[in-house]
Amino acid sequence: QVQLVESGGGLVHTGGSLRLSCAPSGRTFSRPAMGWFRQAPGKEREFVAAISWSGGTTYYADSVKGRFTISRNNAKNTVSLQMNSLKPEDTAVYYCAAADYGSSWYRQNSADFGSWGQGTQVTVSS
C-alpha cells in the first residue's frame, strides 16, 4: 500500500471554490487510477471523481459534473480536485484513494481502491 496525504480542505461560502491536493507519503506511486471520494455525516462514502494514470480518462459523479475537475501531475506525483460553485450539500470529508492494480476502477466503486488518505474536511456554508 501507499500512504496518501490530502490537503486543501476548509470552510467556504456557497458558490466558493477550493482545491484539494493529494500526494504520496514516502513513495512514488504508479497506480492505474486515482480517485476522490467523500463522506458526509450519517451517509455512506460516495464516489466523486477518478482519473486514469495517463490522465486521459476521467469520471465524475453526476452531482459534481461541470463544477469539479480532477487532474494529476505524474512528474510531481500529485492528484488535485478543483471544486467550483460549491454547495452546502458538498460538505463532507473528502478522501483521496489509489486504485488497485488490475482493478475495475472505472466502476467508481470504493472497493477497487486499496490505498486511502486520512481525509480532509470541506464545509460549505449557506
Side-chain angles (χ1 to χ4, degrees):
Q1 290 190 344
V2 62
Q3 299 297 317
L4 302 172
V5 180
E6 302 102 334
S7 61
L11 171 65
V12 295
H13 293 297
T14 298
S17 299
L18 281 174
R19 185 177 181 86
L20 305 183
S21 293
C22 172
S25 176
R27 289 184 59 182
T28 300
F29 67 91
S30 58
R31 297 299 182 92
M34 297 294 294
W36 288 94
F37 291 77
R38 67 186 182 186
Q39 187 167 18
K43 296 186 177 181
E44 294 186 353
R45 188 171 299 187
E46 65 174 2
F47 170 80
V48 176
I51 187 168
S52 62
W53 182 89
S54 68
T57 301
T58 56
Y59 295 96
Y60 296 93
D62 288 342
S63 59
V64 307
K65 281 181 181 177
R67 300 187 298 122
F68 291 12
T69 302
I70 188 171
S71 60
R72 67 187 300 165
N73 185 326
N74 288 340
K76 295 183 178 180
N77 287 338
T78 58
V79 177
S80 299
L81 184 68
Q82 178 67 42
M83 305 185 295
N84 299 326
S85 302
L86 283 161
K87 306 174 181 180
E89 50 263 45
D90 294 317
T91 296
V93 176
Y94 284 70
Y95 297 90
C96 175
D100 291 329
Y101 293 106
S103 70
S104 302
W105 62 270
Y106 45 85
R107 298 184 304 177
Q108 306 166 27
N109 191 319
S110 61
D112 292 308
F113 292 77
S115 297
W116 294 80
Q118 80 289 352
T120 185
Q121 177 70 47
V122 171
T123 303
V124 185
S125 63
S126 58

Heavy atoms only: give me the nearest [X]-[Y] pair and the separation to one decimal.
X	Y	value
Val64	Arg38	CG1-NH1, 4.0 Å
Pro88	Ser126	CG-CB, 3.9 Å
Tyr60	Ala49	CD2-CB, 3.7 Å
Val122	Leu18	CG1-CD1, 3.8 Å
Asn84	Ser17	OD1-OG, 2.9 Å

Report yes if the side chains of [X] and [Y] come closer than 4.5 Å at any heavy-atom pair, otherwise no.
X	Y	result
Leu20	Glu6	no
Ser103	Arg31	no
Val12	Met83	no
Val48	Tyr94	yes

Using modelled atom types only, decide if a donor and an acceptor are shared between the side chain of [X] and the backbone of [Y] within a distance under 3.5 Å.
X	Y	result
Thr14	Ser125	yes
Tyr59	Arg107	no
Thr78	Ala23	no

Asp90 and Lys87 ion-paired at < 4.0 Å |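 Lys87 and Asp90: not salt-bridged.
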
Measure the [atom1]-[atom2] distance between [X] and [Y] for me, rounded to the nearest 0.5 Å.
X	Y	atom1	atom2	value
Leu81	Thr120	CG	OG1	11.0 Å
Arg72	Cys22	CZ	SG	9.5 Å
Gln82	Ser21	CD	OG	9.5 Å
Trp105	Trp53	CH2	CH2	13.0 Å
Lys65	Thr58	NZ	OG1	9.5 Å
Ser80	Ile51	OG	CD1	9.5 Å

Would you say [Y] ends up clustered with [X] if hydrophobic residues are merged whenever their side chains have heavy atoms under 4.5 Å apart, either directly or through other cluster members?
X	Y	result
Phe37	Ile70	no
Phe68	Phe47	no
Trp36	Met34	yes

Does the ring of Trp116 carry Arg45 above it, NZ/CZ under 6.0 angstrom from centre and within 45° of its axis?
->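 Relative to the ring axis of Trp116, which defines the angle, Arg45 lies inside both limits.
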
Establish, yes or no, whether a centroid distance under 6.0 Å links the rings of Phe113 and Tyr95.
->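 That pair fails the under 6.0 Å test.
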
Residues Gln121 and Thr123: side-chain donor-acceptor under 3.5 angstrom |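 The answer is yes; a qualifying pair exists.
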
